[in-house]
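For reference, the structure discussed in these notes is given below.
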Amino acid sequence: MKETGETVVRTTKLPSGDVLPILGQGTWHLAETPGRRKDEIAALRIGLDLGMTLVDTAEMYGDGAAEELVGEVIADRRDEVFLVSKVLPENATRRGTIAACERSLRRLGTDRLDLYLLHWRGNHSLEDTIEGFQSLLQAGKIRHWGVSNFDVSDMDELVGLPGGSDVATDQVLYNLTRRGIEHDLLPWCQQHRMPTMAYSPIEQGRMLGHHELQKVAERHRATAAQVALAWVLRIEGVIAIPRAGEPNHVRENRGAVDLRLTERDLAELDQAFPQPRGKVPLEML
Ligand code: NAP
């Protein structure tokens, strides 16, 4: 396994020019098993120590329990963290977005989010959600807003709306086994100079036994998870947010930032995990 004592992770920029690390930490399914809580808190803290200071959570995760756990982790180190949370679509009216954010802030024990995302597109009008985000920006309760699980047609519609072009990122499913966004959504985000946040970057662990992935990993004395993450992080403007409740997994994931894949690695991975031939609708987990 690649190890590092480095405490700074490479950064990328939001359209505003603000910087954030390319490797962060997810929190889905954390805080759901009381016996794992100590390890989960330790894991997130080790991640912060190693520079994985972007923490991604959501009101949905554990029905607020993940935000409460993050609140405990960041209580004495809020200023180190780039904090991301998400509003559920059913709450995403103008007033509902504001109220949901205030509940998240309370659970997180902070007065501001660095980035607030619409978790996926629901039935409320995007105009209303944008107005909610704008009020929160004006009140200093969020520093940026963005979306999640939006395909190209949704992004085109969004940026055509009043205030819509302030969108800072799209958080989507992206990993070696889910390459659909390479056709159009990834170039779209690059053209708009906005980072793409890759969620489930190791496919929730399901891809780690793949023979070709392990072969590439062995060549680098790395692990399959490190190769899978390095493969996502090779692209300029892509941020990965793996979730690890296990402290050793966090250390391992951090090592991926320093792993450089060669042309040969990339060619072999392309063969083993081919890009779809044409447009596929955006997948969601
Ligand atoms: P993921 O990060 O691809 O995989 C998480 C799983 O992999 C966990 O079971 C974890 O186990 C394991 N793992 C982590 N590092 C490992 C390593 N080095 N070696 C072996 N196993 C390892 O999946 P995810 O949680 O679905 O996605 C990441 C984050 O993205 C989420 O937590 C969430 O914050 C965000 N997300 C957003 C959306 C959205 O709709 N916007 C959807 C899905 C996810 P341990 O916990 O035991 O370490």
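Nothing fancy with the numbering, it's 1 onward along the sequence. First listed ligand is number 1; within each ligand, the first listed atom is number 1.
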Going by the 4.0 angstrom heavy-atom rule, the piece of A244 near ligand 1 is both
To the nearest 0.5 Å, atom CD of E67 lies from atom OG1 of T27 at 8.0 Å
Problem set entry | Under-4.0 Å salt bridge between R254 and D49 | no
Short version for L30: what comes under 4.0 Å of ligand 1, heavy atoms counted, is neither
Say whether, by atom type as modelled, one donor and one acceptor occur between the side chain of R94 and the main chain of E131 under 3.5 angstrom. no
Atoms of ligand 1 under 4.0 Å from any heavy atom of I241, numbered from 1 in the order shown, are 28 (C), 29 (C), 30 (O), 35 (C)
So, does Y61 sit close enough to ligand 1 that a heavy atom of it is under 4.0 Å from the ligand? yes
protein heavy-atom neighbour closest to atom 15 (N) of ligand 1 works out as N253 ND2, 3.1 Å
among protein heavy atoms, the one nearest atom 4 (O) of ligand 1 is Q204 CA, 3.2 Å
Restricting to heavy atoms, the pick from R254, M284, H249, M197 nearest atom 11 (O) of ligand 1 would be H249
Under 4.0 Å between heavy atoms, the region of A225 that gets near ligand 1 turns out to be side chain
Going by heavy atoms in the side chains, are I98 and K141 under 4.5 Å from each other?
no
Atom 5 (C) of ligand 1 sits nearest the protein heavy atom R243 O, 3.4 Å
Any non-hydrogen atom of K86 lying under 4.0 Å from ligand 1?
yes
re atom 32 (O) of ligand 1, the protein heavy-atom contact at minimum distance is W28 N, 2.9 Å
Contact region, R36 to ligand 1, non-hydrogen atoms below 4.0 Å, reads side chain
>> Quick check on the hydrophobic clustering: are L173 and V232 connected, directly or via other members, by side-chain heavy-atom contacts under 4.5 Å?
In response: no
**Message:** Any side-chain to backbone donor/acceptor pair from Q190 onto G237? Under 3.5 Å, distance only.
**Reply:** no
Pairwise side-chain contact, M155 with V167, heavy-atom cut-off 4.5 Å (strictly under)
yes
Here the atoms of ligand 1 under 4.0 Å from any heavy atom belonging to H119 are 39 (C), 40 (O), 41 (N)
Logged contact type for P201 with ligand 1, heavy-atom cut-off 4.0 Å, is both
closest protein heavy atom to atom 44 (C) of ligand 1 is Y199 CD1, 3.6 Å
Between the main-chain N or O of L186 and the side-chain N or O of T196, is there a donor-acceptor pair closer than 3.5 Å? no
Of all protein heavy atoms, the one nearest atom 34 (O) of ligand 1 is D56 OD2, 2.6 Å
If you measure from the Lys or Arg side-chain nitrogens to the Asp or Glu carboxylate oxygens, is any gap between D151 and R121 under 4.0 Å?
no
closest protein heavy atom to atom 40 (O) of ligand 1 is N149 ND2, 2.9 Å
Counting heavy atoms under 4.0 Å, the part of L208 that contacts ligand 1 is side chain
**Q.** From CA spacing to verdict: side chain to side chain contact (heavy atoms under 4.5 Å, CB included), T97, W145
**A.** CA-CA 11 Å; T97 301; W145 65 266; over 6 Å; no
Side-chain heavy atoms under 4.5 angstrom apart, residues restricted to Ile, Leu, Val, Met, Phe, Trp, Tyr: same cluster for L23 and L44?
no
The reported gap from CD1 in I241 to CG in L229 (rounded to nearest 0.5 angstrom) is 11.5 Å
Quiz item: At the 4.0 Å heavy-atom cut-off, does R251 count as touching ligand 1?
Solution: no
* Asked: Below 4.5 Å, heavy atoms only, C-beta onward: do L88 and W120 meet side chain to side chain?
  -> yes
Of all protein heavy atoms, the one nearest atom 7 (O) of ligand 1 is I202 CD1, 3.4 Å
Min over A43, P242, S200, A66 of heavy-atom distance to atom 24 (P) of ligand 1 lands on S200
The answer for which part of E252 has a heavy atom under 4.0 Å from ligand 1 is side chain
Does a side chain donor of either T53 or E80 reach within less than 3.5 Å of an acceptor in the other side chain?
no
Note: ligand 1 atoms sitting under 4.0 Å from heavy atoms of G245 are 45 (P), 46 (O), 48 (O)
Ligand 1 to S148, heavy atom cutoff 4.0 Å, flagged ligand atoms 39 (C), 40 (O), 41 (N)
Exercise for the section: Decide yes or no for L115 and M197: does some side-chain heavy atom of the first lie under 4.5 Å from some side-chain heavy atom of the second? Expected result: yes
inquiry  = Is it the case that ligand 1 has an N or O less than 3.5 angstrom from some N or O of G26?
reply    = no
